[in-house]
Amino acid sequence: MRAVVVTRAGGPEVLEVRDEPEPTPGPGQLLVDVEAIGVNFRDVYEREGNYGGPPPLIAGVEGCGTVVGSGERVAWVSAPGSYAERVAVDAEKAVPVPDGIPPVTAAAALLQGMTAHYLARSTYPVGPADTAVVHAAAGGVGLLLTQIVKLAGGTVIGTTSSDEKAELARAAGADHVIGYDGFAEQVRELTGGDGASVVYDGIGAATFAESLQALRPRGMVALYGAASGPPPPFNLGELATGSFYVTRPSLGHYTRTREELLERASDVFGWILAGRLEIRIGATYPLEQARQAQEDLQGRRTTGKLILLP
């Protein structure tokens, strides 16, 4: 089978398309014909040697496909080796895909949709009285997070890096869209000096310090990613200036049981089918262009979700 292999830790050039042996499913696993593959920042971290096992390895963990033998359509977010034509998926981690949701949509929605779900429903459960700052509001998670915060009745202040991205954020429901320069001061102006209830920050080093400055007293920074690199160490005493909270959540800890996994996935797929959650596909690439897909993602040249097609 064709697969994208991380040959060593490094830049996009270490990704190679190779013929690899098909996986042999172990006990409790399903062999799946892959139809669509989600491209995520965690794949970049994996390629750089900061996530997952040591290379060489087949990249990726997210996708959608058909179970060999049964024909059941499933999606998944934690099956190593997903940048391939076939993958072995733990049955406990496979999510049934409802009729009416195409493979590309399922692969685009699950990881980022459940990330947005746990952030806005569990990490900091947004209510009508809350103002949430959503960084990278035109990105894959950002567009979904904006919509889910609005479903909960909250106010969204989105940050973007261009006029084109700002329009996408507004179309997703953002109440205000601002740039990154001096964003904390802009947030305070938009909130009458109070600050935001929560900042959902997937950028990291470039935004973290100012994200704290954008909070109201007892507000929270939910640092769910580090697209610009991890923030430098900081003195916990700085939190005392507003009795702030900081958390570094991860999807795995919010889908620890199959019940929780299916509950979050069911909400995401249900909102899609009901027309309440729009999934934006930023671009699709053939498997052979996985290197280009990661370059585009890392270079912040994209909006929405990137998909590989085997």
> Ignoring hydrogens, what is the shortest heavy-atom contact between L143 and A172? Give both atom names and the distance.
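Shortest heavy-atom separation between L143 and A172 comes out as CD2-CB, 3.8 Å.
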> Identify the heavy atoms of V268 and A109 that sit nearest to each other, and give their distance.
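Distance-wise, the nearest heavy atoms are CG1-O, 4.0 Å.
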> R47 versus D43: any side-chain heavy-atom pair under 4.5 Å?
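The answer is no; the side chains never approach within 4.5 Å.
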> Measure the shortest side-chain to side-chain distance between I281 and I307 over non-hydrogen atoms and say whether it is less than 4.5 angstrom.
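Heavy-atom side-chain distance check passes, below 4.5 Å.
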> Is the shortest distance from a Lys or Arg side-chain nitrogen in E62 or K305 to a carboxylate oxygen in the other one below 4.0 Å?
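Result for this pair is yes, salt bridge flagged.
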> Between D201 and S211, is there a side-chain donor-acceptor contact under 3.5 Å, judged purely by atom types and distance?
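Yes.
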> Short question: side chain of D175, backbone of V156 - any donor-acceptor pair under 3.5 Å?
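It does hold such a pair.
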> Does Q186 reach the main-chain N or O of D181 with its side chain, forming a donor-acceptor pair under 3.5 Å?
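Looks like yes, one N/O pair under 3.5 Å.
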> State plainly whether the residues D194 and R216 are in salt-bridge range, i.e. N to O under 4.0 Å.
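Judged by the 4.0 Å cut-off on N to carboxylate O distance, D194 and R216 do not form a salt bridge.
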> Counting distance only, does the side-chain N/O of R188 pair as donor-acceptor with the main-chain N or O of F183 below 3.5 Å?
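No; zero donor-acceptor contacts below 3.5 Å.
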> I'd like to check L309 versus Y285 (side-chain heavy atoms, cut-off strictly below 4.5 Å). Are they in contact?
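Of all side-chain heavy-atom pairs linking Y285 with L309, none is under 4.5 Å.
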> Are the aromatic rings of F208 and F234 close, with centres under 6.0 Å apart?
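Yes.
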> Following the transitive rule for hydrophobic clusters with a side-chain heavy-atom cut-off under 4.5 Å over Ile, Leu, Val, Met, Phe, Trp and Tyr, establish whether I37 and F41 coincide in one cluster.
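In one cluster with I37: F41, yes.
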> Are V149 and L151 connected in a single hydrophobic cluster, I mean Ile/Leu/Val/Met/Phe/Trp/Tyr linked by side-chain heavy atoms less than 4.5 Å apart?
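Yes; V149 is reachable from L151 via cluster members.
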> Taking the side chain as C-beta and beyond, is there a heavy-atom pair between Q29 and V89 under 4.5 Å?
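No. Closest side-chain heavy atoms not under 4.5 Å.
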> Any idea how Y45 and Y51 line up, ring-wise: parallel (<30°), tilted (30 to 60°), or perpendicular (>60°)?
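Geometry flag for Y51 against Y45: tilted rings.
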> With a cut-off of 6.0 Å (strictly less than), are more than 12 heavy atoms of other residues, nucleotides or ligands near CD of E238?
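Atom CD in E238 is packed in, count exceeds 12.
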> Measuring from atom OG1 of T159 to atom OH of Y200, what distance do you get when rounded to the nearest 0.5 angstrom?
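Going from OG1 on T159 over to OH on Y200, the span is 14.0 Å.
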> Looking at Y180, I'd like to know if its OH atom is crowded, meaning that more than 12 non-hydrogen atoms belonging to other residues, nucleotides or ligands lie closer than 6.0 Å.
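Above 12, so yes.
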> Heavy atoms only: give me the nearest A138-L168 pair and the separation to one decimal.
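Taking every non-hydrogen atom into account, CB-CB, 4.2 Å.
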> Provide the closest heavy-atom pair for V177 versus A169 in the form atom of the first, atom of the second, distance.
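Where V177 meets A169 most closely, the heavy atoms are CG2-CB, 4.0 Å.
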> Do R170 and E167 meet the salt-bridge criterion of a basic N to acidic O distance under 4.0 Å?
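Yes, charged N to carboxylate O under 4.0 Å.
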> Test side chain to side chain donor-acceptor pair (under 3.5 Å) on Q298 and E48 and set out the steps.
CA-CA 12 Å; Q298 198 168 9; E48 294 174 338; 3.0 Å; yes
> Taking it one step at a time, do K93 and S78 satisfy side-chain contact (heavy atoms from CB on, under 4.5 Å)?
CA-CA 7 Å; K93 301 296 180 65; S78 58; 3.8 Å; yes
> Please round to the nearest 0.5 Å and tell me the distance separating atom CD of Q294 and atom CG of L306.
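The distance works out to 10.0 Å.
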> Nearest 0.5 Å, what's the CD1-NE2 distance between I203 and H135?
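One gets 5.5 Å once the value is rounded to the nearest 0.5 Å.
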> Hey, does the side chain of R218 reach the backbone of S243 with a donor-acceptor pair shorter than 3.5 angstrom?
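No, the answer is negative, given that no donor and acceptor are paired below the 3.5 Å cut-off.
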> To the nearest 0.5 Å, what is the distance between OG1 on T155 and CG on D130?
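Interatomic distance, T155 OG1 to D130 CG, rounded to 0.5 Å: 8.5 Å.
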> Transitively linked via ILVMFWY side-chain contacts under 4.5 Å: V87 with L111?
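The answer is no; the residues belong to distinct hydrophobic clusters.
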> Take atom CG in N235; do more than 12 heavy atoms of anything else shown fall under 6.0 Å from it?
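Yes, enclosed.
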> Just by distance, do the side chain of T66 and the backbone of R73 share a donor-acceptor pair under 3.5 Å?
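Not at all, since once roles are kept as given, no pair shorter than 3.5 Å links the two residues.
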> Any idea which heavy atoms bring L145 and A120 closest together, and the distance?
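Closest heavy-atom pair between L145 and A120: CD1-CB, 3.9 Å.
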> Does S162 reach the main-chain N or O of K165 with its side chain, forming a donor-acceptor pair under 3.5 Å?
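Present.
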> Determine whether more than 12 heavy atoms belonging to other residues, nucleotides or ligands lie under 6.0 Å from atom CZ of R248.
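Yes.
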> Got a salt bridge between E260 and R264, using NZ or NE/NH1/NH2 to carboxylate O under 4.0 Å?
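R264 and E260: salt-bridged.
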> How long is the straight-line distance from NE2 of H117 back to OG1 of T255, given to the nearest 0.5 Å?
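These two atoms lie 11.5 Å from each other.
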> Is W76 linked to L261 within one hydrophobic cluster, defined over Ile, Leu, Val, Met, Phe, Trp and Tyr using a side-chain heavy-atom separation of less than 4.5 Å?
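W76 and L261: separate clusters.
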> For the pair S228 (side chain) and A206 (backbone), establish whether a donor and an acceptor sit closer than 3.5 Å, ignoring hydrogens and angles.
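It does hold such a pair.
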> Using atom types as modelled and distance alone, determine if a side-chain donor or acceptor of Y83 lies under 3.5 Å from a backbone N or O of V17.
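Absent.
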> Does a side-chain N-to-carboxylate-O contact under 4.0 Å join E295 and R291?
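Between R291 and E295 there is no salt bridge, as every charged N stays at least 4.0 Å from the carboxylate O atoms.
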> Whether the side chain of Y224 engages the backbone of L119 through a donor-acceptor N/O pair (distance < 3.5 Å, no angle test) should be reported.
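Such a contact is absent between Y224 side chain and L119 backbone.
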> Over all heavy atoms of both residues, which pair between V126 and G154 is shortest? Give the atoms and the distance, please.
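That would be CG1-CA, 3.8 Å.
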> Measure the CD1-CD1 distance between I279 and I272 for me, rounded to the nearest 0.5 Å.
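So the gap between those two atoms works out to 4.0 Å.
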> Is it the case that the side chains of Y254 and T115 hold a donor-acceptor pair, with the cut-off being a distance below 3.5 Å and no angle test?
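No pair is found: no donor N or O on one side chain lies under 3.5 Å from an acceptor on the other.
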> Answer yes if V97 and V32 sit in the same cluster of Ile, Leu, Val, Met, Phe, Trp and Tyr residues linked by side chain heavy atoms under 4.5 Å apart, and no otherwise.
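V97 does not cluster with V32.
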> Let's go through I58 and V4 carefully: what are the C-alpha distance in whole Å and the side-chain angles of both, what is the deciding distance for side-chain contact (heavy atoms from CB on, under 4.5 Å) to 0.1 Å, and is it a yes or a no?
CA-CA 6 Å; I58 299 174; V4 178; 5.7 Å; no
> Should F269 and L110 count as side-chain neighbours, where that means a heavy-atom distance under 4.5 Å?
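With C-beta onward as the side chain, the pair touches.
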> List the steps and the verdict of side-chain contact (heavy atoms from CB on, under 4.5 Å) for L215 and M220.
CA-CA 7 Å; L215 292 176; M220 174 186 288; 5.6 Å; no
> Taking the side chain from S82 and the backbone from A79, do they hold a donor-acceptor pair closer than 3.5 Å?
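Checked: pair present.
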> Go through the steps for T191 and I157 under the test side-chain contact (heavy atoms from CB on, under 4.5 Å), then give the verdict.
CA-CA 10 Å; T191 56; I157 301 174; 4.3 Å; yes
